[in-house]
Trainee: 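Can you read through this structure? Questions will come right after.
Just follow the structure's listing: the first ligand is 1, and inside any ligand the first atom is 1. Positions are given from 1, in the same order as the sequence printed here.
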Amino acid sequence: MSRSQRFIVSPGGQLQGRLRVPGDKSISHRSIILGSIAEGRTQISGFLEGEDTLATLAAFQAMGVQIERPGSAQVTLQGVGLHGLQKPEKPLDLGNSGTSIRLLSGLLSAQAFDVTLLGDESLSKRPMKRVTDPLSLMGANIEATEKGTPPLKMTGGQALQGIDYSMPMASAQVKSCVLLAGLYASGSTCVTEPAPTRDHSERMLQGFGYPVQRDTQGQSTKICLSGGGRLQGMNIDVPADLSSATFFMVGAAIASGSDVTLEHVGVNPTRAGILRLLWDMGANILLSNTRTVGGEPVADIKIKASPLHGIKIPQAQVPLAIDEFPALFIAAACAEGETILTGAEELRVKESDRIQVMADGLQAIGIEVKVMPDGIVIQGGQIRGGQVNSHGDHRIAMAFAMAGLCAQEPIEILDCANVATSFPNFVELAQNAGLQLSVST
Ligand code: S3P
């Protein structure tokens, strides 16, 4: 696919219908990782066939795991056990995927073989000290560039020791990295998170039969496991990705006359901050058919257009909605009054600097913003239209696509091919729901 793909959105329209967005990215990555090191067969349905999760899948194939894709969104893998991975012939290329590189750095720093992890231009700029620091404390031999960025080179055959690690930032990727290394470490490995972050790794480890202890005191949770156990293969039904559903939730909220139902969406409370924030802004969202599927809460989400107003986003909600801010900023642009976000410096080290890139794009389409080191103030107003650059960031491209629903003139979005990393059929689903979107390469 051409990397120079552009989206062009005609102004106006509304969203309608029942949609199922693709599988959850975080859960899909973890299903491949844990299924590969489990014993016996793991069958996955609802798997996200996006570039990021396929990079994880290819990495395990390169390490000798037999993985089949018998049908759409289905994966069957034959686990090799904790010690059955084989040295890959080449460095593992993880493309655009921060989750792949950070989770694999933990798992692979504990193997008997040397391995190198690398990625695309965006991933090659992202900070890895957050994982190399705790892994080095555990006794891993892991090297990044002088700037602390990929490639990551790991020397095999190190004996890891468990640690008691307090994360300096609220990051599920760092937590999962340390826990995966902890599976191989002597004694117990504990990670304390300063605020709740997505807990899919803990839930899935338990689903694979691996004991995990959690102790919550106020905002902070300590998660512990002991090395040397085993995982037993299982069946996993991956729910639809709330982060992908968010684009349609925001689109339906801002486009008058819209009425959309998103089916079988993961609503794990450590991910569901966006629901709270949109409710606070006045969105008309109803959850129904709430159930637990494979240890993860799932619901159908119905959303209708309604007038939105600006809010001050509570800092405690930031990690719970960390991937949803590009879309939320579009809701803020269409809301009445000011939306204020602080305590969100982590947004600057995502697939792009999401504070600056969103601010530039919002200004380009006529919205007033004030940028701060750790956040942004967005003044709701009338979206005019114009050209914005997504800088290859999938979520920024999809967020500005939804902005077209409230624009007066067309919006042209540059550098959109990476939408395929998390949402390969976004264009088709959005067009079917009513977005007047065309693609130009
Ligand atoms: C993810 C954790 C989050 C999120 C990313 C996926 C995960 O990153 O932004 O898209 O699957 O663990 P951080 O943990 O770095 O905040």
Trainee: Using a plain distance cutoff, I'd like to know if Ala172 has any nitrogen or oxygen under 3.5 Å from a nitrogen or oxygen of ligand 1.
Mentor: yes

Trainee: Any idea which of Val131, Leu103, Thr99 brings a heavy atom closest to atom 6 (C) of ligand 1?
Mentor: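 Checking each option, the heavy atom nearest atom 6 (C) of ligand 1 is found in Thr99.
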
Trainee: What do we get for Arg198 next to ligand 1 when only non-hydrogen atoms under 4.0 Å count, side chain, backbone, both or neither?
Mentor: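 Side chain only.
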
Trainee: If you count the atoms of ligand 1 from 1 in the order shown, which ones are under 4.0 Å from a heavy atom of Ile322?
Mentor: 9 (O)

Trainee: Taking C-beta and beyond as the side chain, do Ser390 and Val357 meet within less than 4.5 Å on heavy atoms?
Mentor: no

Trainee: Counting C-beta onward and ignoring hydrogens, is there a side-chain heavy-atom pair between Thr42 and Ser31 closer than 4.5 Å?
Mentor: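 Side chain of Thr42 against side chain of Ser31, heavy atoms only: no contact under 4.5 Å found.
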
Trainee: Tell me whether Glu346 has any N or O atom under 3.5 angstrom from an N or O of ligand 1.
Mentor: no

Trainee: Less than 3.5 Å between some nitrogen or oxygen of Ser171 and one of ligand 1, yes or no?
Mentor: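 Yes, Ser171 has an N/O under 3.5 Å of an N/O on ligand 1.
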
Trainee: What is the nearest protein non-hydrogen atom to atom 10 (O) of ligand 1, stated with its residue, atom name and distance?
Mentor: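 Answer, as residue, atom name and distance: Asp323 OD2, 2.7 Å.
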
Trainee: Record the part of Lys175 in heavy-atom contact with ligand 1 below 4.0 Å; permitted values are side chain, backbone, both and neither.
Mentor: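 The answer is neither; Lys175 stays 4.0 Å or more away.
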
Trainee: Quick test: of every protein heavy atom, which one is nearest to atom 12 (O) of ligand 1, and how far off is it to 0.1 Å?
Mentor: Arg30 NH2, 2.7 Å

Trainee: Would you call Ile355 and Val371 a side-chain contact if the rule is heavy atoms closer than 4.5 Å?
Mentor: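 In short, these two side chains touch, coming nearer than 4.5 Å.
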
Trainee: Could you tell me whether Asp353 and Arg348 make a salt bridge, using a distance below 4.0 angstrom between a side-chain N and a carboxylate O?
Mentor: yes

Trainee: Tell me, do Gln206 and Arg214 make a side-chain contact under 4.5 Å, heavy atoms counted?
Mentor: yes

Trainee: Can you tell me the protein heavy atom closest to atom 16 (O) of ligand 1 and the distance?
Mentor: Lys350 NZ, 3.1 Å

Trainee: Counting C-beta onward and ignoring hydrogens, is there a side-chain heavy-atom pair between Glu51 and Asn418 closer than 4.5 Å?
Mentor: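 Yes, side chains in contact.
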
Trainee: Mind checking whether Phe7 and Phe426 have parallel, tilted or perpendicular rings, split at 30° and 60°?
Mentor: parallel

